[in-house]
Amino acid sequence: MITPPALSFKEIVKKIVRSIPSGSVMTYSEVAHRTGRPGASRAVGTIMSRNKDKNVPCHRVIRSDGKVGGYNGLRGGKSKIELLRKEGYLF
DNA sequence: AAAGTGACAATTA
DNA sequence: CTAATTGCCACTT
């Protein structure tokens, strides 16, 4: 049997965020719980900020306060709010 | 390896 | 209601 690839925290986070369907959002805290590190909500944000994988719709990850949080695509792009609204998520 | 960083969260004022 | 503070965790350098 093959050895299970020990996915790092960030690898799991990317996997989770990638699985977020369009029109839905997940909070950083929720993602952290899913990764097995509840309370690591901050670490999730840190990873996203340094994440270069476009396969991960990081704009679908918002704060538990209901706010969108930050986004690296602000540069010449639009805010997460615009993207989420396009996907059908109303605040 | 150690210190610094930050796209968060909860509490207090 | 908003602003400021503290605690937390993993990543980057």
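In the text below, chain A, chain B and the rest are named by the order of the sequence lines, each starting its count at 1. Keep in mind that the numbers below use all heavy atoms, side chains included, and drop hydrogens, waters and symmetry copies.
- Across every non-hydrogen atom of Ala32(A) and Ser41(A), the tightest pair is CB-N, 3.7 Å.
- Here the range on DNA chain C touched by chain A, meaning any atom under 4.0 Å from one of its heavy atoms, is dG7(C) to dT12(C).
- For dA7(B), its base sits under 3.5 Å from the side chain of Tyr28(A) at one donor and acceptor pair at least.
- Linking Ile, Leu, Val, Met, Phe, Trp and Tyr whenever their side-chain heavy atoms come within less than 4.5 Å puts Ile12(A) and Met26(A) in one cluster.
- The nearest whole Å value for the distance from the NZ atom in Lys14(A) to the C1' atom in dA7(B) is 16 Å.
- Arg63(A) has its side chain out of reach of Thr27(A): every pair of non-hydrogen atoms, C-beta onward, lies at least 4.5 Å apart.
- When all heavy atoms of Ile47(A) and Lys10(A) are compared, the closest pair comes out as CG2-CB, 3.5 Å.
- Note that OG1 of Thr35(A) is 14.0 Å distant from NZ of Lys14(A), once rounded to the nearest 0.5 Å.
- Contact annotation: the side chain of Tyr89(A) never approaches that of Ser24(A) to less than 4.5 Å [non-hydrogen atoms, C-beta and beyond].
- Nearest-nucleotide assignment on DNA chain C puts the 5′-proximal partner with Lys67(A), out of Lys67(A) and Val44(A).
- Between Arg63(A) and dA9(B), a side-chain N or O to OP1/OP2 separation shorter than 4.0 Å is present.
- Residues of residues 47-57 of chain A having a heavy atom closer than 4.0 Å to DNA chain C, listed by number: Ile47(A), Arg50(A).
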**OP:** Could you walk me through whether Val17(A) and Met48(A) pass the side-chain contact (heavy atoms from CB on, under 4.5 Å) test, one step at a time?
**Re:** CA-CA 10 Å; Val17(A) 177; Met48(A) 303 321 270; 3.8 Å; yes
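- Taking each heavy atom of Arg18(A) and Asn55(A) in turn, the nearest pair found is CG-O, 3.0 Å.
- Val31(A) and Val56(A) end up in the same hydrophobic cluster when Ile, Leu, Val, Met, Phe, Trp and Tyr side chains are linked at under 4.5 Å.
- Taking atom CZ on Phe9(A) and atom P on dC8(B), their separation rounds to 14 Å, with Å as the unit.
- For Arg60(A) against Ile20(A), the heavy-atom pair with the smallest separation is NH1-O, 2.7 Å.
- Contacts with DNA chain B (heavy atom under 4.0 Å) in residues 29-40 of chain A: Ser29(A), listed by number.
- Nucleic acid contact for Thr46(A): base, since at least one base atom lies under 4.0 Å from a heavy atom of the residue.
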**OP:** With side-chain contact (heavy atoms from CB on, under 4.5 Å) as the test, would you mind laying out the steps for Ser64(A) and Tyr28(A) before giving the verdict?
**Re:** CA-CA 7 Å; Ser64(A) 57; Tyr28(A) 292 98; over 6 Å; no
